[in-house]
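The first residue of the sequence shown is numbered 1, and numbering continues consecutively from there. Just so you know, these numbers come straight off a predicted model, no measurement behind them. Quick note: numbers below take in every heavy atom, side chains included, and nothing from hydrogens, waters or symmetry partners.
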Amino acid sequence: QVQLVESGGGLVRAGDSLTLACTVSGGTVTPYNVGWFRQAPGKEREFVAASRRYGSSTHYADSVKGRFTISRDNAKNTVYLQMNSLKLEDTGAYFCAADLTIILSSIRTADMYDYWGQGTQVTVSS
């Protein structure tokens with residue numbers, strides 16, 4: 001069973017950049033589908049980005065497309081979320097999730113992921 005630990009959150013101004021990291025232990029990240037989700041206070045958890053197993057493809061929510069980039073460093077067993085041009089509405093707790101068998105059509109669905117980290121807070125101020 002893998003464990004996921006997020007890091008890199010913080011307080012930034014609108015327009016700034018931030019990179020989140022999701023470090024995997026207890027297994028190699030390579031065969032896992034990895035997703036980033038976020039949850040703002042009073043709102044449901046929403047999909048942000050995902051990297052298919054073996055890094056075969058990447059997928060983004062429309063709200064972050066062109067601003068966020070998901071990438072893998074297999075040597076470090078880590079998946080990153082590079083966030084540029086941050087907006088106030090990007091504020092929330094960011095979670096990474098992993099699953100071995102999730103199919104492409106479900107990759108944006110939080111309930112389909114087996115493993116979750118504890119989250120890291122991102123706060124964007126004006």
Side-chain angles (χ1 to χ4, degrees):
Q1 180 170 330
V2 295
Q3 293 84 43
L4 310 176
V5 177
E6 303 94 337
S7 61
L11 173 63
V12 296
R13 291 185 178 273
D16 284 352
S17 297
L18 202 60
T19 300
L20 306 183
C22 174
T23 302
V24 178
S25 61
T28 176
V29 70
T30 307
Y32 281 85
N33 303 283
V34 177
W36 282 98
F37 293 80
R38 66 188 180 190
Q39 188 166 18
K43 294 188 176 182
E44 292 189 355
R45 193 167 296 189
E46 65 172 356
F47 170 77
V48 176
S51 172
R52 285 276 282 168
R53 58 191 310 181
Y54 304 105
S56 58
S57 63
T58 56
H59 307 269
Y60 298 93
D62 288 343
S63 59
V64 306
K65 200 172 293 184
R67 299 189 298 122
F68 290 12
T69 302
I70 188 171
S71 62
R72 295 175 177 242
D73 185 334
N74 291 330
K76 295 183 178 180
N77 233 23
T78 299
V79 176
Y80 299 98
L81 185 68
Q82 171 70 40
M83 305 185 295
N84 298 327
S85 302
L86 282 162
K87 303 177 180 180
L88 298 180
E89 53 264 40
D90 293 320
T91 293
Y94 282 69
F95 301 87
C96 66
D99 192 275
L100 276 174
T101 61
I102 196 169
I103 60 175
L104 182 57
S105 60
S106 297
I107 205 164
R108 298 166 184 257
T109 306
D111 289 346
M112 300 304 293
Y113 287 80
D114 283 340
Y115 306 105
W116 287 84
Q118 294 300 305
T120 186
Q121 179 67 32
V122 173
T123 303
V124 184
S125 65
S126 58

Nearest 0.5 Å, what's the [atom1]-[atom2] distance between [X] and [Y]?
X     : Y      : atom1 : atom2 : answer
Ser7  : Gln118 : OG    : CD    : 13.5 Å
Thr91 : Lys43  : OG1   : NZ    : 10.0 Å
Asn84 : Thr69  : CG    : OG1   : 6.5 Å
Ser56 : Asn33  : OG    : CG    : 7.5 Å
Thr28 : Asn77  : OG1   : CG    : 4.5 Å
Ser51 : Ile107 : OG    : CD1   : 7.5 Å

Quick one: side-chain hydrogen bond (donor to acceptor under 3.5 Å, both in side chains) partners of [X], sequence neighbours excluded?
X      : result
Thr19  : Gln82
Thr109 : none
Thr101 : Asp99
Thr123 : Gln121

Which residue pairs satisfy the ring-ring contact (aromatic ring centres under 6.0 Å, His included) criterion with at least one member in residues 38-86, sequence neighbours excluded?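 Found Phe37-Phe47.
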In one Ile/Leu/Val/Met/Phe/Trp/Tyr side-chain cluster, 4.5 Å: [X], [Y]:
X      : Y      : value
Leu18  : Leu88  : yes
Tyr115 : Val34  : yes
Val12  : Tyr94  : yes
Leu4   : Leu100 : yes
Val24  : Met112 : no

[Y] and [X], any side-chain heavy atoms less than 4.5 Å apart:
X     : Y     : answer
Met83 : Leu20 : yes
Phe95 : Gln39 : yes
Ser25 : Val5  : no
Val79 : Trp36 : yes

For Arg52, give me all partners under salt bridge (Lys or Arg N to Asp or Glu O under 4.0 Å), at least two apart in sequence or on another chain.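 None.
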Using the salt bridge (Lys or Arg N to Asp or Glu O under 4.0 Å) criterion, which residues pair with Lys65? Sequence neighbours excluded.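 Counting only residues at least two positions away or on another chain, Lys65 forms a salt bridge (Lys or Arg N to Asp or Glu O under 4.0 Å) with Asp62.
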According to the salt bridge (Lys or Arg N to Asp or Glu O under 4.0 Å) rule, which pairs have a member within residues 14-27, sequence neighbours left out?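 Residue pairs with at least one partner in residues 14-27: there are none.
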Scan residues 19-42 for pairs that pass salt bridge (Lys or Arg N to Asp or Glu O under 4.0 Å), counting only residues two or more places apart or in two chains.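 Listed by first then second residue: Arg38-Glu46, Arg38-Asp90.
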Which pair of heavy atoms, one from [X] and one from [Y], lies closest together, and at what distance?
X      : Y      : answer
Gly35  : Tyr113 : N-CE2, 3.7 Å
Arg67  : Ser85  : NH1-O, 2.9 Å
Thr120 : Gly9   : OG1-N, 3.1 Å

Scan for disulfide (SG to SG under 2.5 Å) pairs involving [range], sequence neighbours excluded, and state none if there are none.
range           : value
residues 48-83  : none
residues 36-116 : Cys22-Cys96
residues 41-93  : none

Is it true that, when you exclude Glu89 itself, more than 12 heavy atoms of the residues, nucleotides or ligands shown sit nearer than 6.0 Å to its CD?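 Count over threshold, so yes.
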